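Bear in mind the structure is a predicted one, so any value in this text is a computation, not a measurement. When a ligand or atom number is given, it counts from 1 through the structure's own listing order.
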Amino acid sequence: MQVDLGSLAFAEGGYLLVKRAARCVPPGERISVIGDAEGLDVDLRAWCRAEGHRLDWQPLPGTARGRAYIVTGAAESERWAGARRTTGEGAAGEDAAAEHPPRSWGLAARGATIEAGAPEFDFHLVDKTEVWADEAPRIYQQAAAAQWDPDTAVPWDAPFELDGDLEEAVVQVMTYLIENETAALIVPSRFIAQLHPHFREVMQVLAVQAADEARHIEVFTRRARLKRTQLGRSTAGGQTSLKTLVEEPEFAIASFLLSVLGEGTFLALLRFIERYAPDPVTAAVARLAAQDETRHVAFGLAHLTRHLKREPGLRPRLADAVRRRHDALRHTAGLNDEVFDALLLIAAGSWGHEALRQGSRRIVQLIHTMDEGRQKRLARLGFRPAEAAELSALHTRNFM
Ligand SMILES: [Fe+2]
Ligand SMILES: [Fe+2]
């Protein structure tokens with residue numbers, strides 16, 4: 001095989017032509033290279049030394065040109081001899097995730113050929129059963145397409161002025177929502193760092209989920225500060241409840257408590273706030289957040305359904321987690337009175353007796369809707385009706 005570089009210098013890309021030719025022949029075979037570029041012999045010599053090839057340079061008498069004979073070494077082919085493709089057992093060409101990707105596959109793109117001897121990464125979530133959902137690619141796509149701009153999606157300039165107490169009620173609810181959204185941002189973020197990136201779509205879903213929560217925090221904060229400079233109250237009970245979520249070490253249990261039970265309950269809450277919002281800004285931020293939460297709940301249900309199918313023993317452990325959390329929070333107040341009262345006033349719309357009566361009925365209905373939703377989702381995960389009812393009743397009074 002012969003490579004004619006003409007006037008192309010080695011560093012200008014000539015090396016790529018030589019490299020390609022060297023790859024085309026088995027180790028020990030000879031290729032020849034000719035060229036006019038100055039210093040070609042020096043460049044070739046250095047390159048061959050680095051790549052483990054042998055070089056023979058023969059000047060062409062009477063010219064600046066020369067001819068190189070390169071006998072290729074085995075270093076390049078040996079380097080990749082123990083290499084593996086980082087892919088699962090799919091049909092040829094299929095981008096399938098492996099059941100147990102080795103930690104040494106590290107950050108490599110799924111499907112890449114990985115050199116033997118790459119370092120092991122300290123990922124904890126390395127089993128497909130624990131994390132995977134076949135719906136993940138679709139949920140990620142939908143999430144990426146549904147990102148909204150907090151600046152333009154909310155009618156921040158819509159003119160309105162609420163009665164002082166009603167405005168304060170909205171500020172209190174926003175204050176409560178912000179701390180809950182913060183927990184919802186931290187939980188998936190923690191697991192992203194533990195997840196084997198081989199499960200690319202799951203990593204992407206969790207990343208967009210965290211980005212969603214970042215926007216929720218932004219719009220709830222902006223609504224809270226729209227007419228006031230001071231935010232509302234944060235209680236010890238509320239934070240104690242969220243702390244149990246933030247500190248849950250197991251992915252399946254954390255997703256169950258956060259996405260299925262917590263965010264599931266929040267869907268009803270956000271729709272309630274949207275429906276009875278006293279102003280268009282509050283309605284818009286609640287609607288936009290609920291839209292994203294639907295996906296968070298859907299992913300939680302999807303990977304837990306798959307996980308439970310492969311490991312039914314997980315179900316009683318999930319149930320125990322709810323009971324344990326309930327026991328841990330037994331002596332806390334749960335939802336703070338301020339939030340409850342604020343929701344009631346928002347649902348009533350005014351201090352009138354009839355309005356308050358109607359507001360109270362709406363709150364009772366909200367609690368019922370939340371409970372119904374939780375039981376329905378628990379049933380989807382295979383819990384029997386009696387246990388679903390029991391677990392739903394034990395869910396934190398803080399809602400999330
Ligand atoms: Fe959220
Ligand atoms: Fe969420």
Side-chain angles (χ1 to χ4, degrees), residues 131 133 135-136 138-150 153-154 170 172-192 195 201-224 231 234 238-239 241-246 248 251-275 277 281-304 335 339 343 366 370 373-374 377 395-396 398-400:
V131 298
E135 294 87 339
R138 186 181 50 78
I139 291 176
Y140 169 69
Q141 256 181 0
Q142 277 180 355
Q147 298 294 296
W148 40 271
D149 178 354
V154 180
V170 171
Q172 178 56 60
V173 169
M174 293 298 142
T175 306
Y176 158 82
L177 289 175
I178 294 163
E179 71 184 39
N180 282 270
E181 297 293 347
T182 303
L185 184 154
I186 291 173
V187 172
S189 308
R190 275 183 48 223
F191 289 110
I192 293 174
L195 175 73
E201 296 88 341
V202 174
M203 175 178 74
Q204 290 167 311
V205 167
L206 295 178
V208 183
Q209 189 168 327
D212 289 343
E213 309 303 7
R215 289 198 321 279
H216 301 172
I217 291 168
E218 177 187 343
V219 294
F220 293 151
T221 304
R222 280 176 77 168
R223 172 60 191 94
L231 266 73
S234 164
Q239 296 235 32
S241 177
L242 292 175
K243 192 161 182 279
T244 60
L245 266 188
V246 167
E248 172 53 52
F251 181 62
I253 293 179
S255 317
F256 177 62
L257 296 176
L258 173 72
S259 295
V260 177
L261 295 177
E263 292 175 315
T265 302
F266 251 55
L267 272 182
L269 177 65
L270 291 167
R271 286 180 188 138
F272 179 88
I273 295 170
E274 180 195 356
R275 181 159 177 201
V281 174
T282 302
V285 294
R287 175 179 55 78
L288 289 162
Q291 188 181 299
D292 296 334
E293 295 306 334
T294 310
R295 284 192 310 271
H296 306 173
V297 176
F299 177 65
L301 280 171
H303 76 80
L304 285 168
L335 186 69
V339 174
L343 287 172
L366 168 66
M370 287 172 162
R374 282 194 299 267
R377 290 181 196 103
H395 179 63
T396 174
N398 187 55
F399 298 153
M400 181 64 91

Name, closest N/O/S atom of E293 to the Fe ion (ligand 1): OE2
H296 atom (N/O/S) at minimal separation from the Fe ion (ligand 2): ND1
Near-ring test F266/H296, centroid separation under 6.0 angstrom: no
N/O/S atom name from H216 that is nearest to the position of the Fe ion (ligand 1): ND1
Whether E213 has an N, O or S atom under 2.8 Å from the Fe ion (ligand 1): yes
Reference residue I217; test side-chain contact (heavy atoms from CB on, under 4.5 Å); the match among L185, L177, D212: L185
Atom name of the N, O or S atom in E263 that lies nearest to the Fe ion (ligand 2): OE2
Criterion side-chain hydrogen bond (donor to acceptor under 3.5 Å, both in side chains) on D292 and Q147, from CA distance to verdict: CA-CA 9 Å; D292 296 334; Q147 298 294 296; 5.3 Å; no
Residue E181 atom name (nearest to the Fe ion (ligand 1); N/O/S): OE1
Whether W148 and H216 hold their rings parallel, tilted or perpendicular, with breakpoints at 30° and 60°: parallel
Test log, rule side-chain contact (heavy atoms from CB on, under 4.5 Å), inputs L270 and Q291: CA-CA 9 Å; L270 291 167; Q291 188 181 299; over 6 Å; no
